[in-house]
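The chain is numbered in sequence order, starting from 1.
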Amino acid sequence: VFIGVVFSAIGGGILFYLAKQKARKDLLKSQGRKIRGIISNTYYDTSITYRNGNKVQHPLVVECVAEQGGRKQTFKSENVWGETPFEVGKEIAIYVDTRDSRNYWVDTGE
């Protein structure tokens, strides 16, 4: 019973975290201020590894720069999995909380 409770708590915690992240994205998309950023860099986060047989994958992170409040600010996306192409210099949408500019979401299409 104890092991079942432990595994249920871990699974429930993961599901709660994912639901909270989705709610945050939806709130920012509906009520946040949309600004346009320019992709300045893309890189693979090698601290996270997914192994599928012999294939090793790392998530992609997109960095972009946008002007906010008269100054340039750098924004980072969440981990992007898959073969989504992002080109440096292209525009990307960023949704920023109007009350706290540290709360933002870079729209990578996921």
Side-chain angles (χ1 to χ4, degrees):
V1 172
F2 177 73
I3 291 173
V5 169
V6 169
F7 281 112
S8 295
I10 292 170
I14 291 170
L15 290 175
F16 176 75
Y17 174 78
L18 293 174
K20 190 167 174 121
Q21 288 297 93
K22 184 178 178 341
R24 179 179 151 262
K25 283 185 216 178
D26 292 343
L27 181 68
L28 284 172
K29 202 164 186 179
S30 66
Q31 296 180 359
R33 188 168 52 105
K34 182 179 180 181
I35 60 175
R36 287 291 189 189
I38 305 295
I39 297 174
S40 61
N41 189 21
T42 59
Y43 62 90
Y44 289 100
D45 184 359
T46 57
S47 67
I48 301 172
T49 303
Y50 172 72
R51 297 182 193 278
N52 186 8
N54 292 333
K55 188 175 182 184
V56 176
Q57 293 180 317
H58 303 287
L60 184 71
V61 177
V62 178
E63 282 185 356
C64 51
V65 177
E67 191 167 319
Q68 178 164 339
R71 63 187 174 105
K72 288 193 175 197
Q73 186 173 351
T74 302
F75 298 91
K76 289 184 182 181
S77 72
E78 295 178 347
N79 294 331
V80 179
W81 293 93
E83 300 298 323
T84 310
F86 294 99
E87 294 180 28
V88 173
K90 292 261 184 167
E91 279 194 359
I92 194 165
I94 305 165
Y95 295 92
V96 181
D97 190 342
T98 56
R99 293 171 283 154
D100 183 7
S101 64
R102 294 175 292 173
N103 186 19
Y104 62 88
W105 175 59
V106 177
D107 188 2
T108 57
E110 283 196 336

### Task
Among Ile, Leu, Val, Met, Phe, Trp and Tyr joined by side-chain contacts under 4.5 Å, find the other residues sharing a cluster with Tyr17 and list them by chain and number.
Phe2, Val6, Ile10, Ile14, Leu18

### Summary
Applied to residues 21-59, the ring-ring contact (aromatic ring centres under 6.0 Å, His included) test, sequence neighbours excluded, yields none

#### Entry: Flag, side chain of Arg24 to backbone of Tyr104, donor-acceptor distance under 3.5 Å
yes

### Query
Between Phe75 and Ile92, is any pair of side-chain heavy atoms under 4.5 Å apart?
no

Donor-acceptor pairs under 3.5 Å, side chain of residues 28-40 to any protein atom, not counting sequence neighbours: which ones?
{"from": "Ser30", "atom 1": "OG", "to": "Asp26", "atom 2": "O", "distance (Å)": "3.1"}
{"from": "Ser30", "atom 1": "OG", "to": "Leu27", "atom 2": "O", "distance (Å)": "3.2"}
{"from": "Ser40", "atom 1": "OG", "to": "Glu63", "atom 2": "O", "distance (Å)": "3.4"}

### Task
Give the minimum heavy-atom separation between Ser101 and Gln73, together with the two atoms involved.
O-NE2, 4.0 Å

### Query
Please, which pairs that meet salt bridge (Lys or Arg N to Asp or Glu O under 4.0 Å) have at least one residue in residues 40-55, sequence neighbours excluded?
none

### Query
To the nearest 0.5 Å, what is the distance between SG (Cys64) and CG (Asp107)?
10.5 Å

## Note on the structure
Rounding to 0.5 Å, atoms CD (Glu78) and NZ (Lys25) come to a distance of 4.5 Å

## Note on the structure
Sorted by chain and number, sequence neighbours left out, salt bridge (charged side-chain N to carboxylate O under 4.0 Å, His left out) with Arg102 holds for Asp100

### Message
Is there a continuous path of hydrophobic side-chain contacts, each under 4.5 Å between heavy atoms, that joins Val80 to Val106?
### Response
yes

### Task
Please name all residues satisfying salt bridge (charged side-chain N to carboxylate O under 4.0 Å, His left out) with Arg71, sequence neighbours left out, ordered by chain then number.
none

### Query
Can you name the side chain to side chain contact (heavy atoms under 4.5 Å, CB included) partners of Val5, sequence neighbours left out?
Val1

### Query
Which residues satisfy the ring-ring contact (aromatic ring centres under 6.0 Å, His included) test with Phe86, sequence neighbours excluded?
none

### Task
Run through the side-chain heavy atoms of Ile, Leu, Val, Met, Phe, Trp and Tyr, join any pair under 4.5 Å, and report what else lands in Leu15's cluster.
none

### Task
Sequence neighbours left out, what pairs pass side-chain hydrogen bond (donor to acceptor under 3.5 Å, both in side chains) with at least one residue falling in residues 88-98?
Asp97-Asn103

